[in-house]
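See structure below.
Chain letters run A, B, ... following the sequence lines, proteins first and then strands; every chain starts at 1.
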Protein chains: 2
Amino acid sequence: MAKISVKLDLNENLFQKDPQETDLGRNIVRHSILLIDELGFEKFNFKKLAERIKSTEASIYRYFENKHNLLIYLLNWYWEWMKVRIDFNTININDPIQKLDLTINIIVDTANRNTTIDFVDEDILHRIVVAEGTKAYHTKSVDKDNQDGFFLSYKSLCKKVADIVLEINPHFPYPRTLASNLIEMGNNNQYFAEHLPRLTDIQYSKGNISEQAIELLKYFAYGAIYANHSKIKQKNGQMKFKPHS
Amino acid sequence: MAKISVKLDLNENLFQKDPQETDLGRNIVRHSILLIDELGFEKFNFKKLAERIKSTEASIYRYFENKHNLLIYLLNWYWEWMKVRIDFNTININDPIQKLDLTINIIVDTANRNTTIDFVDEDILHRIVVAEGTKAYHTKSVDKDNQDGFFLSYKSLCKKVADIVLEINPHFPYPRTLASNLIEMGNNNQYFAEHLPRLTDIQYSKGNISEQAIELLKYFAYGAIYANHSKIKQKNGQMKFKPHS
DNA sequence: CAGTTTTGATAGCTTTACTATTAAAAACAA
DNA sequence: TTGTTTTTAATAGTAAAGCTATCAAAACTG
């Protein structure tokens, strides 16, 4: 497998000093991924990370203002990487259905990659995205973080997926919702399969988790995209009721 | 509006001492809701809560082991309350489609309630569920918490919704996923509309957020439930491709 | 009114999340 | 190669968070 050197463009507000530029920076990124995965984001801190990489807290603070920004940096990295992979994989494909199928594959996991990046373990980063991803924007600082462009990558990723959906059905009324939901649903159902199995229909006993997740996302995606709403309205027609008023 | 005294049955592992039983306990619950809403869960702590209710940290620790358990307590309260409302509202309804529509109304918001509970502000609690809900299970202690029954209410709520879905279409292959996804999607899209509008198709400019969320959830729910998969497979048929292998 | 339980007041301890200072090391330039 | 700048390490210190322990006062219970 080719080892392509990838340097993704990430929003400069996310760091104090670009961690992709120095050994220490790349070390911080590499080991923060491992350590967040080990400890969970709440128990993770810069002191423990410093010990692990035999550096100091103060040095890490020169790269990232705090651990929240580091998490968002990692997520941005992943979202950018997803976009690259979608572009790369769909470059010669015209059929939008094929494009969406491919995109769903990329949403679900990082398997079958055609490159590796030396200082990022993408499988572990994917676990972080699944387990800790929503913490990026579920904070009181969302609006400020959003203004600082912390979610630009996520939004443009969703836009990309939404545009593929619109290629399939230009009249589909909820492209953004479908896009963000495919991503969140994919993450949730993989997490649920492992930790809260009653909340998903994906089951270890049925075989490969990723494959089931892909089938599931396709089912919901095409169910929505091709939804026959005149038929649904007809089926639901008789009862023009007012809910609990 | 009737003021019905409701005491929900909540898992006893969630607290050290039942907060529904004492004035201080009810005060802790009431003001923790207000304070978490104000500060966000990260900045919220027992010391600040103690100041607010003119009590002490130590006293609060006698009710809840830590703030994480308090959050889960509040969420369980809300999930139980949703179940009560679903039961109450669908009690004389036989049409499962009508039941699901009602359920979607209840998922989206707490409007048009027929009761109020004195020590819980449900509108604010709903905001907490939307903004902080996923933090309940995105921790390293999920599996332990799950064993302690911290998510029983959520799971049985999903089961209830899934059963309604199966009433409509007994062959639907993803009832649990649809159930949990309707809840998470409802929460996400309301949150996105407010904070990250590019991630949803709900827009303030289009009018009432809740109504749009209800329409959206119905669209996706019935799209999935009535998905014509032979037709979809036919449309997608020609390309039996292997994604990026 | 005696006994039990609950609460409040106070203290203290460890960890987290930083900031500041200074010196050593590394990088780089003339 | 030496001098200069940048980067890192080492150390110290602070305020807040997240607890635990003790004891006395208050409140409720029989």
Side-chain angles (χ1 to χ4, degrees), chain A residues 12-32 35-36 38-74 119 132 135-136 139-141 144-145 148 150, chain B residues 12-32 35-36 38-74 119 132 135-136 139-141 144-145:
Chain A
E12 301 202 353
N13 292 325
L14 283 165
F15 46 78
Q16 315 271 97
K17 191 170 146 57
D18 190 344
Q20 288 185 102
E21 301 273 272
T22 66
D23 279 344
L24 180 58
R26 287 182 291 265
N27 238 266
I28 290 170
V29 171
R30 177 193 285 117
H31 284 95
S32 67
L35 204 53
I36 290 172
E38 273 177 49
L39 304 175
F41 186 63
E42 279 70 33
K43 300 251 160 102
F44 165 85
N45 66 38
F46 283 180
K47 196 176 184 191
K48 290 170 185 168
L49 178 57
E51 272 165 38
R52 178 70 63 100
I53 63 176
K54 304 237 189 293
S55 178
T56 62
E57 254 184 296
S59 297
I60 297 171
Y61 275 105
R62 267 184 228 107
Y63 286 84
F64 294 100
E65 220 177 297
N66 52 51
K67 71 173 184 173
H68 180 243
N69 286 21
L70 169 54
L71 176 64
I72 297 185
Y73 177 89
L74 296 178
F119 68 100
E132 319 282 2
K135 290 169 193 168
T139 67
K140 275 284 164 185
S141 59
K144 194 194 161 294
D145 290 354
D148 289 344
F150 286 13
Chain B
E12 300 201 355
N13 291 325
L14 283 165
F15 46 80
Q16 315 270 98
K17 190 168 149 51
D18 190 344
Q20 289 184 99
E21 301 273 271
T22 66
D23 279 344
L24 180 59
R26 286 182 291 266
N27 238 268
I28 289 170
V29 172
R30 175 193 287 117
H31 284 95
S32 67
L35 204 54
I36 291 172
E38 273 176 48
L39 305 176
F41 186 63
E42 279 70 33
K43 301 252 161 102
F44 165 86
N45 66 38
F46 282 1
K47 196 174 183 192
K48 291 170 185 169
L49 177 57
E51 272 164 38
R52 177 70 63 101
I53 63 177
K54 304 234 188 294
S55 178
T56 62
E57 253 184 297
S59 297
I60 297 170
Y61 275 105
R62 276 184 211 110
Y63 284 84
F64 294 100
E65 223 177 295
N66 52 53
K67 71 174 185 173
H68 180 242
N69 286 19
L70 169 55
L71 176 64
I72 297 186
Y73 178 89
L74 296 178
F119 68 102
E132 318 282 2
K135 291 169 192 168
T139 67
K140 275 286 164 185
S141 59
K144 197 197 158 294
D145 290 353

Among [options], which nucleotide has an atom closest to any side-chain atom of [X]?
{"X": "B:N45", "options": "D:dA17, C:dT7, C:dC18", "value": "D:dA17"}
{"X": "B:S55", "options": "C:dG8, D:dT11, D:dC19", "value": "C:dG8"}
{"X": "B:Y63", "options": "D:dT8, D:dG18, C:dT6", "value": "C:dT6"}
{"X": "A:R62", "options": "D:dA9, C:dC18, D:dT22", "value": "D:dA9"}
{"X": "A:K67", "options": "D:dT11, C:dT10, C:dA17", "value": "C:dA17"}
{"X": "A:L24", "options": "D:dC19, D:dT8, C:dA17", "value": "D:dT8"}
{"X": "B:K48", "options": "C:dT6, D:dA9, D:dA17", "value": "D:dA17"}
{"X": "B:Y61", "options": "D:dA21, D:dT8, D:dG18", "value": "D:dG18"}

Could you state the [atom1]-[atom2] distance from [X] to [N], rounded to the nearest angstrom?
{"X": "A:I60", "N": "C:dT16", "atom1": "CD1", "atom2": "C1'", "value": "14 Å"}
{"X": "A:N27", "N": "D:dT7", "atom1": "CG", "atom2": "C1'", "value": "15 Å"}
{"X": "A:E42", "N": "C:dT15", "atom1": "CD", "atom2": "P", "value": "18 Å"}
{"X": "B:K43", "N": "C:dT16", "atom1": "NZ", "atom2": "P", "value": "18 Å"}
{"X": "A:E57", "N": "D:dT14", "atom1": "CD", "atom2": "C1'", "value": "13 Å"}
{"X": "B:L49", "N": "D:dG18", "atom1": "CG", "atom2": "P", "value": "13 Å"}
{"X": "B:E65", "N": "D:dT20", "atom1": "CD", "atom2": "C1'", "value": "13 Å"}
{"X": "A:L39", "N": "C:dT15", "atom1": "CG", "atom2": "C1'", "value": "14 Å"}

Would you tell me if any nitrogen or oxygen in the side chain of B:K47 comes within less than 4.0 Å of OP1 or OP2 on D:dA16?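 Answer no for this pair, as no side-chain N or O of B:K47 is under 4.0 Å from OP1 or OP2.
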When you check the phosphate oxygens OP1 and OP2 of C:dA9, does a side-chain N or O of B:T56 lie under 4.0 Å from one of them?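 Result: no.
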Per the side chain to side chain donor-acceptor pair (under 3.5 Å) rule, what does the pair list look like for residues 40-52 of chain A, sequence neighbours excluded?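 Only A:E38-A:R52, A:E42-A:K135 qualify under side chain to side chain donor-acceptor pair (under 3.5 Å).
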In Å, rounded to the nearest 0.5 Å, how long is the span from [atom1] of [X] to [atom2] of [Y]?
{"X": "A:K17", "Y": "A:I28", "atom1": "NZ", "atom2": "CD1", "value": "9.5 Å"}
{"X": "A:H31", "Y": "A:L49", "atom1": "NE2", "atom2": "CG", "value": "8.5 Å"}
{"X": "A:E132", "Y": "A:L74", "atom1": "CD", "atom2": "CG", "value": "10.5 Å"}

Would you call the rings of B:F44 and B:F41 parallel, tilted or perpendicular, where under 30° means parallel and over 60° means perpendicular?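 It falls in the parallel class, under 30°.
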